[in-house]
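A short worksheet on the structure shown next.
Naming: A, B, ... by sequence-line order, numbering from 1 per chain.
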Amino acid sequence: MEIPAKYNPAEVEDKWYSYWLDNNLFRSVPDNREPYCVVIPPPNVTGVLHMGHMLNNTIQDVLVRRAKMMGKNTCWVPGTDHASIATEAKVVAKLRDEGIDKNSLTRDEFMGHAWDWKEKHGGIILEQLKKMGAACDWERTAFTMDESLSESVIKVFVDLHSKGKIYRGVRMVNWDPQAKTAVSDEEVVYKEIQSKLYYLNYSFDGEDGHVTIATTRPETILGDTAVCVNPNDPRYANLKGKRLIVPLVKRSIPVILDEYVDMEFGTGALKITPAHDINDYTLGDKHNLETIDIFNDDGTLSEAAQLYVGMDRFDVRKKIVVDLEEQGFVEKIENYVNKVGYSERTDAVIEPKLSMQWFLSMKELAKPALDAILNEDIKLHPPKFVNTYRHWMENVKDWCLSRQLWWGHRIPAWYLPGGGYVVAENEEQALVQAKKKTGNQNLAISDLRQDEDVLDTWFSSWLWPISVFDGIRNPHNDDIKYYYPTNVLVTAPEILFFWVARMIIAGYEYRGEKPFETVYLHGIVRDGQRRKMSKSLGNSPDPLDLVKKYGADGMRMGMLLCSAAGNDLLFDESLPEQGRNFCNKIWNAFRLVQGWEVSSDIPQPNHSAVAVNWLNNLINHKVDVLNDYFEKYRLSEALMEVYKLFWDEFSSWFLEIVKPAYQQPIDSKTKEQVLEIFDKMLRLLHPFMPFITEELWQLIAVRKPGASIMVVPQPQENPFDDGVLTRFAEMKEIVAGIRNVRQEKNIPNKELLPLLIKSSKKLSPQLEGVIIKLAGIESLRYTEEPAEGSAGFLVGSMEFFIPLHGFVNEEEEKQKLQQELEYAKGFLGSVMKKLNNERFVNNAPAKVVEIEQNKKADAESKIKVIEERIAGMKSK
RNA sequence: GGGAGUUUAGCUCAGCUGGUUCAGAGCACCUGCCUUACAAGCAGGGGGUCACUGGUUCGAAUCCAGUAACUCCCA
């Protein structure tokens, strides 16, 4: 059967993914093996796969597949997040396209549309994960708004409320006046815009003179309740206790002193509008200032503003500047670049606004979660994030739980007709409580009004490692007992606080135990210019296109090659290309081996036996190295190690040695051993490149139905002989030396060459055989005398000569030797400098001194060899 | 403004508690080869004052201090 010279991933990928599914190879149920459990960071339910997902899930898949081959009962739980604001925004936009205004719908009607949308677009991303080979237990697929997960969320809210941890309070939120909702900090995009800085004069109340303040938002002066200066500012030393008049509205406001004010900025005097700026709010709070909210929910001015009531905030800005100028309050206007927050969804300018919200008190809850990281009960990879984590947790702020949205878990609080509220798991229980609280037994459900808001999405995802196993509602079920705590969480550092820290908090609060052993933080995928990949920039390739182009294995390898933990990774297409090329290399190695005719009549050649022994020793060594890398979550390096092992050692050296001459058969023993080694290589590669390894593993031997490389053990750690590796490395140097001579002298590979060796020690006959084969040597013999007219080179203190009458320029040879001699002398010099330094000899550890002495001896013998050689040439 | 981190070859990064071939890897680059497994390849090769300045030490890419540039997080 003719095998194509190029590997074609499209032909095998779907086949093997179905095979794995059909044979239940991803399925996990508790048994007596050790579990290895990973919960997926749930992507947005209506999202599509982007490069970040590709990286995130490739890493998880590598870890899961390897653990499986280490004999663990692996369980990778997939699922999606309802992502309330993102999904709701998409639904609102879709309805708008259809001419439907969200505000014209009832909550139930809107939820109907939202669920339709979810049914239509939900889960696409999970199907896409299958294309990259994800070994998820699909029977466990979870969604944060599934009944069991929703109930868990509500139960936890009620529980925390009953523990007194949840309270209501006023807070400044990012208000989107177009969508008329608060948006989270993460949904605000800051853009640098060209604007103006207005210098306005505030007169003193009751005396002459004025103070000039600078602001970018002159319309907010209507809400000013103070002017603040730095107490250390000599310009304003006399302002203490004075009052100023706000222009136009003529309100009298105090001057307050606070070191918060940046003396360098503007005039050093800052107007304070507590209702419309977060910093001003904090200052207002500190100095007990009045709060005047001058905006309506849609961004027009409210009655409280007194002027321009009902006008849009941006129209007011233009108008008020004209009015201020007319009345002489404007000192000057400068151009100014500042950062303005825009709503990610509607692109409206965000208005900071005070509103009543639900909060979770964090200080006490955070304590065990902080300790867990500090005492390494949970390990962070890379550990550099520990400090950041600590800083955040030590200064943790209360968590604003409510969002003015419909899509999500509705807050289980019901307001009572006469004021006050109750919190309960459902309407019935709410009613019971309401009756109790009011003493009114005639209350009906219709008398209660449930809070309109939903919970922050993170308030459901923080339970994820517990709720996917139903461990909140049913804390003693078999799954949660077996899989919890999970082994590793793989995610990006940008959500370390939003998600990871909160999961840890929830883990200790609801299981009394950490949710995972290890957190592996990977970087953000960026393009070649370090720009974040984003749709709007158009610099993000569709990962599935790349999978099509380079194969899933090639794409996975491309992701991993640039993914040192915690570093951002700069992705470009050369990476999956490298992955594809590697697949092709593996494929062709298989083609070679597979094509060999076997003869049981010929004995195994010496060079093959020595090569097999060498490579097995090397693999044993590399298994150690790989285990170490995996323990440290250094996946990129682990992959590189396997890559070099396969490409350089296995293909370029090993296969070239054992390869029979053209159209000659191979001895059966070598063939068998080559296949064994091939099998090992495939197993080492499988976690990284599942498809091609399964394909070839199935081809190199007859397998039982249902068998899969997925469940074959990884090669185990075995002792290895260092001497074998060292001697082989020396042999490689010799071969390289000969090849080098060929290259320099332009000698075709086909032309066999004689090789003379002058050396006090001898090579093993087996290795001589290898040299003869690889370097095209016709005869190899030892000599006492340098051969005339030879090209030569040194390996250690061994001298090698290739007689090439007529081809060799004695002068050039001599110069080469002269250079080597100088280098060796320089090297000896630096060694001697150390050894002649008494303080070095006295202070350095004996071992280090010994190393230097060995270096000295080696260098001296090498120098002697070279000098003799040069002397010999001179005498001719 | 507060905090964390980075700076090593053209690019992306390894270099753990100072001391072996400590200056490395992959890619890119250069040269020669279409040698019937693979040109998505083979063989060979060049390339770095380890950001800068000073200090500690017998010895510093590695430890300390300062300087500069960049990145991220929080505000």
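Side-chain contact check for A:Trp697 and A:Asp679: at least one donor-acceptor pair (N or O, by modelled atom type) lies under 3.5 Å. If you check the side chains of A:Arg591 and A:Asn588, you find a donor sitting under 3.5 Å from an acceptor.
The ring-ring contact (aromatic ring centres under 6.0 Å, His included) search around A:His621 returns A:Phe720, not counting sequence neighbours. Here A:Asp572 pairs with nothing under the salt bridge (Lys or Arg N to Asp or Glu O under 4.0 Å) rule; sequence neighbours left out. Residues meeting the side chain to side chain contact (heavy atoms under 4.5 Å, CB included) test with A:Pro576, sequence neighbours left out: A:Tyr550, A:Met555, A:Phe571. For the side chain to side chain contact (heavy atoms under 4.5 Å, CB included) test, residues two or more places apart in sequence or in another chain that qualify with A:Asp277 are A:Asn279, A:Asp280. Looking at residues two or more places apart in sequence or on another chain, you find a side chain to side chain contact (heavy atoms under 4.5 Å, CB included) between A:Ala611 and A:Phe654, A:Ile657, A:Val658. Looking at residues two or more places apart in sequence or on another chain, you find no salt bridge (Lys or Arg N to Asp or Glu O under 4.0 Å) involving A:Glu733. Applying the side chain to side chain contact (heavy atoms under 4.5 Å, CB included) rule to A:Lys862 yields the partners A:Leu794, A:Glu820, A:Ile866; only residues at least two apart in sequence or on another chain are considered.
Straight-line distance between the C1' atoms of B:rU49 and B:rC58: roughly 23 Å, to the nearest whole Å.
Taking a pair as Watson-Crick or G-U with both hydrogen-bonding distances under 3.5 Å, the stems of three or more pairs touching RNA chain B are B:1-7 with B:68-74, B:10-13 with B:24-27, B:29-33 with B:41-45, B:51-55 with B:63-67.
One can place NZ of A:Lys384 at 8 Å from P of B:rA14, the figure rounded to the nearest angstrom.
Where A:Arg634 and A:Arg526 meet RNA chain B, the nucleotide closest to each residue was compared, and A:Arg634 sits on the side nearer the 5' end. Of the residues near RNA chain B, A:Asn746 and A:Phe497, the one whose nearest nucleotide (by heavy atom distance) lies more toward the 5' end is A:Asn746.
OP1 or OP2 of B:rA37 sits under 4.0 Å from a side-chain N or O of A:Lys659.
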Donor-acceptor pairs under 3.5 angstrom involving side-chain atoms of residues 577-586 of chain A: please list them, not counting sequence neighbours.
| unit_1 | atom_1 | unit_2 | atom_2 | d |
| --- | --- | --- | --- | --- |
| A:Gln578 | NE2 | A:Tyr643 | OH | 3.4 |
| A:Asn584 | OD1 | A:Tyr7 | N | 2.9 |

Each nucleotide N or O in nucleotides 56-60 of chain B that has a protein N or O under 3.5 Å away: list the pair and distance.
| unit_1 | atom_1 | unit_2 | atom_2 | d |
| --- | --- | --- | --- | --- |
| B:rC58 | O2' | A:Asn837 | ND2 | 2.8 |

Below 3.5 Å is the cut-off: list the nitrogen or oxygen pairs between protein and nucleotides 23-26 of chain B, distance only.
| unit_1 | atom_1 | unit_2 | atom_2 | d |
| --- | --- | --- | --- | --- |
| B:rA25 | O2' | A:Lys644 | NZ | 3.3 |
| B:rG26 | O2' | A:Gln578 | NE2 | 2.8 |

Subject >> From CA spacing to verdict: side-chain contact (heavy atoms from CB on, under 4.5 Å), A:Phe800, A:Ile738 >> reply: CA-CA 9 Å; A:Phe800 296 85; A:Ile738 300 164; over 6 Å; no
**OP:** Would you mind building the protein contact string for nucleotides 41-47 of chain B? One character per nucleotide, 5' to 3', B for base within reach (heavy atoms under 4.0 Å), S for sugar-phosphate only, - for untouched.
**Re:** SSBSS--
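Residue A:Asn387 is classed as a sugar-phosphate contact, given heavy-atom separations below 4.0 Å to backbone atoms only. Within 4.0 Å of A:Phe590, counting heavy atoms only, lies no atom of the nucleic acid at all. Residue A:Thr388 is in sugar-phosphate contact alone, with no base atom involved, counting any heavy-atom pair closer than 4.0 Å across all strands shown.
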